[in-house]
Amino acid sequence: MATIKVQTEDFDVSREIAALTAGRSDIGGIGCFVGVVRERAGADQAPEPVAAMTLEHYPGMTERAIARIAEQAEQRFDILGCTVIHRVGTLRTGDNIVLVLAVSAHRQPALDATAFLIDWLKTKAPFWKREEFADGSGAWVDAREADDAAAERWSRDG
Amino acid sequence: MATIKVQTEDFDVSREIAALTAGRSDIGGIGCFVGVVRERAGADQAPEPVAAMTLEHYPGMTERAIARIAEQAEQRFDILGCTVIHRVGTLRTGDNIVLVLAVSAHRQPALDATAFLIDWLKTKAPFWKREEFADGSGAWVDAREADDAAAERWSRDG
Amino acid sequence: MNAPTTPVTILYFAWIRERVGRSEESLVLPAAIATVADLIDHLAERGGGYASAFVTRRTIRCAVNQEFADQSAAIAPGDEIAFFPPVTGG
Amino acid sequence: MNAPTTPVTILYFAWIRERVGRSEESLVLPAAIATVADLIDHLAERGGGYASAFVTRRTIRCAVNQEFADQSAAIAPGDEIAFFPPVTGG
């Protein structure tokens with residue numbers, strides 16, 4: 001039921017929504033999140049604007065981990081389907097990084113599943129971001145404790 | 001900062017995201033919700049599948065009410081902008097009804113503002129839905145207590 | 001300040017509009033009408049579709065000059081007063 | 001059951017890969033190595049980039065056969081063992 005893609009190419013939100021909802025008349029709400037490369041990515045105090053970001057992943061395990069996260073979302077929330085697309089490779093400021101879609105008869109499960117999916121992707125899928133600054137230097141992004149706390153929230157709720 | 005449209009025409013999610021994010025390098029997360037006409041709309045126990053839905057509104061007050069809701073969202077959440085598009089007139093099963101977008105440096109304000117905007121739109125904007133069934137009969141949709149409760153949640157939180 | 005002979009505009013939406021049989025009308029307020037509730041009483045007394053539209057007062061929502069208002073809200077000549085059921089958009 | 005001479009595959013990601021200087025290698029496990037933690041000790045003893053990569057054990061995450069695992073997890077010939085920092089996708 002879940003569509004999962006790990007790809008270097010960009011995605012089109014409208015096209016992915018159309019693919020997820022095609023031929024269905026039982027969907028009342030579509031929740032969506034798009035993560036984007038911003039100029040101050042890892043830390044707002046970064047010394048330099050981020051010029052580019054490189055996303056590394058663990059081929060094989062990545063798809064497996066995302067599939068498990070999507071399964072969890074489908075078990076926890078009354079959704080009719082979901083889509084997760086995560087880009088890898090080198091991205092520039094303003095580029096899309098990740099797309100999460102979740103569809104449901106009603107808005108609340110769609111919104112909840114969307115938040116759950118992105119929270120869990122941030123902490124349970126094997127991706128690593130390296131920022132490249134305008135001055136030519138670079139640094140691996142540190143994991144944020146706030147992300148662990150956000151994902152942990154779903155454990156408490158569940 | 002908010003883009004607000006009340007229109008009969010459909011909208012394109014990708015195009016609206018592009019318009020909201022154009023020229024910005026400070027956006028890290030885009031929250032989005034799309035409401036869609038489903039076959040069992042007002043009540044899951046409806047005797048007949050919904051063939052069409054007509055949305056009536058209060059021209060003038062509608063735009064003003066949505067602008068106020070968007071202002072509230074911008075005050076409550078650390079967002080960089082939002083878009084609300086609500087369609088009126090006659091829609092068919094599978095048609096888009098409403099689009100909410102909220103953008104932020106980080107995902108949480110974008111997701112929270114998206115949920116807030118759709119919850120408040122449901123209870124504080126002057127729209128009324130009339131369902132038309134396949135057998136030719138029709139009925140105005142009753143307000144749902146669950147929607148009031150969802151909107152009320154933000155009053156408690158705030 | 002509007003003169004007492006300036007009418008109010010009354011708007012009806014959704015099933016209230018259908019029962020009343022019109023979407024809009026102008027009315028010079030009788031002197032005794034000071035609030036939305038007074039106006040509802042006045043309209044309901046017309047009988048027919050009006051009586052039917054306003055039979056269950058607690059299901060009626062209203063706006064005065066395009067702002068949601070309680071039925072206890074004051075109204076005055078020149079106001080735009082709208083009656084409608086609880087909203088169901090989104 | 002794989003024979004003791006079947007190697008394990010070891011993968012390195014992100015800054016661990018950079019410090020180690022390679023992304024993948026095969027290793028026939030010495031008999032004394034039973035867990036991920038044992039393997040980390042073994043690799044760190046090589047010194048140089050390996051010592052640098054594994055200097056702060058608590059920042060090392062690992063997966064055994066593409067499932068997240070604790071450093072106490074058992075490993076066996078034929079396993080795929082990956083080392084990486086805490087994930088930062090999404």
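Lettering follows sequence order; numbering is per chain, from 1.
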Using atom types as modelled and distance alone, determine if a side-chain donor or acceptor of [X] lies under 3.5 Å from a backbone N or O of [Y].
| X | Y | value |
| --- | --- | --- |
| A:Lys129 | D:Val87 | no |
| A:Thr93 | A:Arg38 | no |
| D:Asp38 | D:Ala34 | yes |
| A:His106 | A:Gly29 | no |
| D:Asp70 | D:Ser72 | no |

* Calculate, to the nearest 0.5 Å, the distance between atoms CG and CD belonging to D:Asn65 and D:Glu80 respectively. => 7.0 Å
Can you say whether [X] sits under 4.5 Å from chain A via the side chain, the backbone, both, or neither, judging by heavy atoms?
| X | result |
| --- | --- |
| D:Arg61 | neither |
| D:Glu18 | side chain |
| D:Ala63 | side chain |

* **Donor + acceptor pair across side chains of D:Glu25, D:Tyr12 (<3.5 Å)** => yes
* If we ignore angles and hydrogens, is there a donor and acceptor under 3.5 Å between the side chains of A:Thr54 and A:Thr90? -> yes
* By number, which residues in residues 107-124 of chain A have some heavy atom less than 4.5 Å away from chain D? -> A:Ile118, A:Lys122, A:Thr123, A:Lys124
* Contacts of residues 56-71 of chain A with chain D (heavy atom under 4.5 Å) -> A:Glu56, A:His57, A:Tyr58, A:Pro59, A:Gly60, A:Met61, A:Arg64, A:Arg68
* What are the two closest heavy atoms between A:Val50 and A:Ala52, and how far apart are they? -> CG1-O, 3.3 Å
* Answer yes if the ring centres of A:Trp140 and D:Phe13 are under 6.0 angstrom apart, and no otherwise. => no
* Over 12 foreign heavy atoms within 6.0 Å of CZ, D:Arg57 -> yes
